[in-house]
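Structure record follows, encoded as C-alpha cells.
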Amino acid sequence: MTDLPPPPPPRRDWWRRLQRLPLSMMIASALLALGIVQLTFQLGHSLYRTSTWTRDTQATQARTRELERDIEELQDAVKYTQTPEHLQELARCLGYVGVKEKKIVALNAPTVDRPTEICKTLRVP
C-alpha cells in the first residue's frame, strides 16, 4: 500500500473552469467595448481641440499682423507731423505768413470764425 492521497477528481475542476470561461469572455468583451468607446471619444475630442486651437491661432496671428500694420502707419504719421513741411502747413492754416511773404486780404473774402477751417483735414488711413 502506498501513502499517497487519492487524486482529486479532475473532471469536476475542469468542468468548473470550463463553465467560468464564457463569463470571463463576456466580461473581457464588455471591457474591450468600453475601451473602444472611450478611445473613440478621446480621439474625437483631441481632433476637435486641435482644429479649434488651429483656427484660434490663425485668427490671432491675422489680428496681430493687422495691428502691426496699424502701428507702422501711426509711426509714419508721427514722423510726418515732425517734418518742417507739415509744421509750415499748420502755421499757414492758423494764418501765419513767412518772413519774406506779404499778407494779402481780398475785400470780398468770406469771414472765417476759426482759421483752421481753411485747411483740409487729413486723416490717417
Side-chain angles (χ1 to χ4, degrees):
M1 308 240 243
T2 61
D3 292 334
L4 293 172
R11 188 168 236 200
R12 199 174 225 184
D13 288 337
W14 177 77
W15 183 248
R16 283 186 184 162
R17 286 185 201 158
L18 188 61
Q19 285 178 339
R20 289 185 198 158
L21 184 63
L23 180 63
S24 62
M25 294 277 285
M26 286 191 294
I27 291 173
S29 297
L31 289 175
L32 181 64
L34 287 174
I36 290 172
V37 168
Q38 182 181 7
L39 180 65
T40 305
F41 175 76
Q42 291 292 336
L43 287 174
H45 188 63
S46 295
L47 289 174
Y48 172 75
R49 285 189 323 182
T50 301
S51 65
T52 303
W53 181 81
T54 303
R55 185 179 62 241
D56 290 347
T57 301
Q58 290 172 350
T60 303
Q61 288 173 347
R63 180 71 177 139
T64 302
R65 284 191 295 272
E66 290 175 11
L67 291 174
E68 287 173 350
R69 269 187 259 128
D70 290 346
I71 289 172
E72 289 176 6
E73 288 178 7
L74 290 173
Q75 287 173 344
D76 291 342
V78 167
K79 287 178 187 175
Y80 174 72
T81 59
Q82 296 170 352
T83 60
E85 294 85 17
H86 179 70
L87 294 175
Q88 183 180 9
E89 186 178 325
L90 285 178
R92 288 193 183 278
C93 287
L94 294 174
Y96 292 99
V97 292
V99 176
K100 298 178 182 177
E101 297 176 345
K102 292 182 182 179
K103 186 174 185 179
I104 300 175
V105 179
L107 294 175
N108 59 355
T111 58
V112 179
D113 294 335
R114 296 182 322 197
T116 56
E117 291 178 358
I118 299 170
C119 298
K120 62 179 182 176
T121 305
L122 297 176
R123 298 213 181 259
V124 178

request  = Would you check, one step at a time, whether the test salt bridge (Lys or Arg N to Asp or Glu O under 4.0 Å) holds for Arg69 with Glu66?
outcome  = CA-CA 5 Å; Arg69 269 187 259 128; Glu66 290 175 11; 5.6 Å; no
request  = Using the side-chain contact (heavy atoms from CB on, under 4.5 Å) rule, take Trp53 and Thr57 through it: C-alpha gap first, then chi angles, then the decisive distance, then the call.
outcome  = CA-CA 6 Å; Trp53 181 81; Thr57 301; 3.5 Å; yes
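The structure places OG1 of Thr83 at 7.0 Å from NE2 of His86, a figure rounded to the nearest 0.5 Å. The distance from the CZ atom of Arg55 to the OG1 atom of Thr50 is 12.0 Å, given to the nearest 0.5 Å. Taking CG from Leu90 and OG1 from Thr81, the interatomic distance works out to 8.5 Å, rounded to the nearest 0.5 Å. Here the CE-CG distance, from Met25 to Leu32, works out to 11.0 Å after rounding to the nearest 0.5 Å. Distance check, rounded to the nearest 0.5 Å: CD of Glu72 to CG of Asp76 gives 7.5 Å. Here the straight-line distance linking atom CD of Glu68 with atom CD of Gln61 works out to 10.5 Å at 0.5 Å rounding.
The side-chain contact (heavy atoms from CB on, under 4.5 Å) test applied to Thr40 returns Ile36, not counting sequence neighbours.
Counting heavy atoms from C-beta on, the side chains of Leu74 and Val78 never come closer than 4.5 Å.
Residues Leu31 and Met26 share a hydrophobic cluster, clusters being chains of Ile/Leu/Val/Met/Phe/Trp/Tyr side chains in contact below 4.5 Å.
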